[in-house]
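A quick write-up on the structure given underneath.
Everything numeric in this text was worked out from a predicted model, so none of it was measured.
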Amino acid sequence: MKHKDHYNDDYILNFSRKIRSVTPDFDEKYFCDSLIGRLDDKELFARLDQITDALQQSIPDDYSKNVQAFFQMLGPELEQPEGMFNLGWWLWPIGRYVERCGNENWMLSLSFLKELTKRFTGEYAIRPLLKEHPKEVMDELIIWTSDENVHVRRLASEGVRTRLPWSKKLMVALDEFERYAVILTNLKDDPEKFVQKSVGNNLNDLYKDAPEKADFLISQWEKTGQSKAQAWIIKHGRRNRK
């Protein structure tokens, strides 16, 4: 099944029930009437945007209150390192809402994304927070690099990529290179391939935007020896170099 096909009429009905269960002021009728029968001809992001538009128009205009309610509907954490796009896809409109409005209460948003990423990706929603509050958010991501949850560690890396697929370029990594270097350095020996791949993709992006910084970072790592994980990350990061 293509990602877009998850977001159909059945999804709208099920999703609306979940929203209603945590948000008593939710206008379920408006939400469903706005979407049922109106998504089939649209591609993935057009569907997500239409769902998120309807969601915003159906819940109170109180971002903090809404997000506090959404904590209650997240459900169980993923049991495996991967699987977020297969099992957590139903949460994407919530992530999209945080991506749009998260800076209304960026600290609450960051706390929410730490929980969201254990069920679905927070890599898109965290980028507006990084753009507006780069130092503070990256300081928190540095803490996340030591988290016991693989998804939290992965988000610490994935969110700061300069060239994240399906997202606008974000140069916080270059503007706050010292903090960025700490994030990647803390993760360079991570035992999980899921995290290693993200760190390698970070290096690959960095080679496209500031290759001298990528070489510098790797040279610093090599001074302290090289683990199997680090060797794989560097190879993955340099995969497009001639």
Less than 4.0 angstrom from a charged side-chain N to a carboxylate O is my criterion; do Glu192 and Arg153 meet it? no
Ser198 side-chain N/O to Glu158 backbone N/O, donor-acceptor pair under 3.5 Å: yes
Is the backbone of Gly200 close enough, under 3.5 Å, to the side chain of Asn204 for a donor and an acceptor to pair up by distance? no
Arg47 side chain to Leu39 backbone, donor-acceptor under 3.5 Å: yes
Please check if the side chain of Asp205 supplies one atom and the backbone of Arg163 the other of a donor-acceptor pair under 3.5 Å. yes
Side chains of Phe177 and Leu206, heavy atoms from C-beta outward: is any pair under 4.5 Å? yes
Is it true that Lys118 and Asp147 have a side-chain N and a carboxylate O under 4.0 angstrom from each other? no
Checking side-chain contact (heavy atoms from CB on, under 4.5 Å) for the pair Val98/Phe70: CA distance, chi angles, key distance, verdict? CA-CA 10 Å; Val98 176; Phe70 293 157; 5.7 Å; no
Just verifying a value: how many Å separate Ile36 CD1 and Ser16 OG, rounded to the nearest 0.5 Å? 7.0 Å
Starting from the C-alpha separation in whole Å, work towards a yes-or-no answer on side chain to side chain donor-acceptor pair (under 3.5 Å) for Asn202 and Tyr180. CA-CA 10 Å; Asn202 252 298; Tyr180 172 80; 3.0 Å; yes
From Asp189 CG over to Ser227 OG, what is the distance, rounded to the nearest 0.5 angstrom? 3.5 Å
Salt bridge Arg100-Asp49, side-chain N to carboxylate O under 4.0 Å: yes
Does NZ belonging to Lys197 count more than 12 external heavy atoms closer than 6.0 Å? no
Around atom CD of Glu178, are there more than 12 heavy atoms from other residues, nucleotides or ligands closer than 6.0 Å? no
Counting distance only, does the side-chain N/O of Ser21 pair as donor-acceptor with the main-chain N or O of Lys18 below 3.5 Å? yes
Verify side-chain contact (heavy atoms from CB on, under 4.5 Å) between Ser109 and Asn103, making sure each step is shown before the conclusion. CA-CA 7 Å; Ser109 299; Asn103 278 308; over 6 Å; no
Heavy-atom nearest pair, Leu74 first then Phe112, reads CD2-CZ, 3.9 Å
Begin with the C-alpha distance, continue with both residues' side-chain angles, and end with the deciding distance and a verdict on side chain to side chain donor-acceptor pair (under 3.5 Å) for Gln220 and Lys223. CA-CA 5 Å; Gln220 295 300 110; Lys223 290 178 181 178; 3.0 Å; yes
Report the C-alpha distance between Trp144 and Leu110 in whole Å, list the side-chain angles of each, state the deciding distance to 0.1 Å, and finish with yes or no for side-chain contact (heavy atoms from CB on, under 4.5 Å). CA-CA 11 Å; Trp144 289 7; Leu110 201 54; 3.8 Å; yes
Nearest-0.5 Å distance, OG of residue Ser58 to CG of residue Asp33: 9.5 Å
Using a strict cut-off of less than 4.0 Å between a Lys/Arg side-chain nitrogen and an Asp/Glu carboxylate oxygen, indicate whether Asp209 and Lys169 qualify as a salt bridge. yes
Can you measure from CD (Glu99) to CG (Leu48) and round to the nearest 0.5 angstrom? 10.0 Å
Has the side chain of Asp27 got a donor or acceptor atom that lies under 3.5 Å from a matching backbone atom of Tyr30? yes
Hey, mind stepping through Glu115 and Phe71 against side-chain contact (heavy atoms from CB on, under 4.5 Å) and telling me if it holds? CA-CA 8 Å; Glu115 293 306 313; Phe71 272 104; 3.9 Å; yes
Contact check, side chains of Thr162 and Leu170, non-hydrogen atoms, under 4.5 Å: no
Taking every heavy atom of Val172 against every heavy atom of Pro134, the minimum-distance pair comes out as CG1-CB, 4.0 Å
What is the distance from atom OG1 of Thr121 to atom CG of Leu116, rounded to the nearest 0.5 Å? 7.5 Å
Asn14 atom CG, neighbour heavy-atom count above 12 within 6.0 Å: yes
Closest approach of Thr145 to Leu187 (non-hydrogen atoms, all atoms of both residues): O-CD2, 3.6 Å
List the steps, then state whether salt bridge (Lys or Arg N to Asp or Glu O under 4.0 Å) holds for Asp25 with Arg20. CA-CA 8 Å; Asp25 295 331; Arg20 184 186 62 198; over 6 Å; no
Might you confirm whether atom CE of Met107 has over 12 heavy atoms from other residues, nucleotides or ligands at distances under 6.0 Å? no
Quick check on ring-ring contact (aromatic ring centres under 6.0 Å, His included): which of Phe15, Tyr7, Phe120 does Trp89 satisfy it with? Tyr7
Show the atom names and distances, to 0.1 Å, of all donor-acceptor pairs under 3.5 Å that link a side chain in residues 230-237 to residues at least two apart or in another chain.
residue: Gln230; atom: NE2; partner: Gly225; partner atom: O; Å: 3.4
residue: His236; atom: NE2; partner: Asn201; partner atom: OD1; Å: 3.0
residue: His236; atom: NE2; partner: Arg239; partner atom: NH1; Å: 3.3

Looking at Arg238 and Asp215, does any basic side-chain N land under 4.0 Å from a carboxylate oxygen? yes
Distance-only, no hydrogens or angles: does the Lys42 side chain make a donor-acceptor pair with backbone N or O of Arg38 under 3.5 Å? yes
Can you check whether Glu136 reaches Glu140 side chain to side chain, under 4.5 Å on heavy atoms? no
For the backbone of Gln80 and the side chain of His151, can you confirm whether one donor and one acceptor N or O come within less than 3.5 Å of each other? yes
Provide the closest heavy-atom pair for Gly37 versus Asp9 in the form atom of the first, atom of the second, distance. N-OD1, 2.9 Å
Measure across Ile183 and Ala156 and return the closest heavy-atom pair with its distance rounded to 0.1 Å. CG2-O, 3.5 Å
Tell me whether the count of non-hydrogen atoms from other residues, nucleotides or ligands lying under 6.0 Å of NZ in Lys131 goes above 12. no
Is there side-chain contact between Tyr207 and Arg241, with at least one heavy-atom pair below 4.5 Å? yes
Name all residues meeting the side chain to side chain contact (heavy atoms under 4.5 Å, CB included) criterion together with Thr185; count only those two or more places apart in sequence or in a different chain, and write none if there are none. Lys188, Leu217, Trp221
Heavy-atom distance under 4.5 Å between the side chains of Leu130 and Val160, does that happen here? yes
Closer than 3.5 angstrom, by distance alone: can the side chain of Arg127 be matched with the main-chain N or O of Arg161 as a donor-acceptor pair? yes
I'd like to know whether Phe45 forms a ring-ring contact (aromatic ring centres under 6.0 Å, His included) with Trp92, so could you lay out the CA-CA distance, the side-chain angles of the two residues, the decisive distance to 0.1 Å, and finally the verdict. CA-CA 10 Å; Phe45 283 99; Trp92 206 339; 5.6 Å; yes
Any side-chain heavy atom of Gln50 within less than 4.5 Å of one from Ser34? no
Can you see which heavy atom on Arg119 is nearest to which on Gly75, and at what distance? NE-O, 2.8 Å
Asn66 and side chain to side chain contact (heavy atoms under 4.5 Å, CB included): which single residue from Ile59, Val22, Ile19 fits? Ile59
Can you check whether Pro93 reaches Tyr11 side chain to side chain, under 4.5 Å on heavy atoms? yes
Once you round to the nearest 0.5 Å, how far does CG of Asp139 lie from NE2 of His133? 13.5 Å
